[in-house]
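Have a look at the structure below before the remarks.
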Amino acid sequence: MTPEGAHALVDAGHRVLVETGTGAGIGSSDDAYAAGGATIVENAWEVWARADLLVKVKEPLEPEYSLVRDNQNTLHVPAPCGAAELTRVLIASKVTAIATRRCSSTTDHFRS
């Protein structure tokens with residue numbers, strides 16, 4: 001999520017938690033997220049513990065499985081070949097998981 005996306009959610013009345021360093025891969029600083037109203041937290045486990053909806057670029061990773069809370073919601077790009085253990089964790093926790101997918105054209109531009 002970009003700082004602008006976080007800001008839009010804050011403007012819509014949501015509390016947004018961002019793990020420190022989240023935007024490094026897209027050239028966005030923690031300060032950019034904070035300027036939009038997001039709360040910066042030190043660790044991923046804190047986001048997992050406090051958030052009702054987790055938005056991730058990738059699927060939850062194995063070290064995060066123990067952080068999944070009952071009835072939590074996730075929005076993520078699924079693993080390329082599926083992830084049987086992740087599926088079992090999400091089902092057992094009664095998580096609502098919304099998977100998105102990456103789409104690109106032959107010119108490698110995202111389609112709308």
### Task
Any salt bridge (Lys or Arg N to Asp or Glu O under 4.0 Å) involving residues 30-39? Give me the pairs, sequence neighbours left out, ordered by first then second residue.
none
Validation: residues 88-97 side-chain donor-acceptor distances under 3.5 Å, sequence neighbours left out:
{"unit_1": "R88", "atom_1": "NE", "unit_2": "E85", "atom_2": "OE1", "d": "3.2"}
{"unit_1": "R88", "atom_1": "NH2", "unit_2": "E85", "atom_2": "OE1", "d": "3.2"}
{"unit_1": "S93", "atom_1": "OG", "unit_2": "V89", "atom_2": "O", "d": "3.1"}
{"unit_1": "T96", "atom_1": "OG1", "unit_2": "N73", "atom_2": "OD1", "d": "3.4"}

### Summary
Across all chains, not counting sequence neighbours, the side-chain hydrogen bond (donor to acceptor under 3.5 Å, both in side chains) partners of T74 are H76
Under 3.5 Å, sequence neighbours excluded: what are the donor-acceptor pairs made by side chains of residues 33-49?
{"unit_1": "Y33", "atom_1": "OH", "unit_2": "M1", "atom_2": "O", "d": "2.5"}
{"unit_1": "E46", "atom_1": "OE2", "unit_2": "R50", "atom_2": "NH1", "d": "2.7"}
{"unit_1": "W48", "atom_1": "NE1", "unit_2": "E64", "atom_2": "OE2", "d": "3.4"}

### Query
Got a sec, which pairs hit salt bridge (Lys or Arg N to Asp or Glu O under 4.0 Å) with one end in residues 4-23, sequence neighbours left out?
none
### Task
Can you tell me which residue pairs pass the salt bridge (Lys or Arg N to Asp or Glu O under 4.0 Å) test with a partner in residues 69-78, sequence neighbours excluded?
D52-R69
### Cluster overlap L75 with V18, hydrophobic side-chain contacts below 4.5 Å
yes
### Query
I26, V16: one ILVMFWY side-chain cluster at the under-4.5 Å cut-off?
yes
### Beyond-backbone contact of L86 with P60, side-chain heavy atoms, under 4.5 angstrom
yes
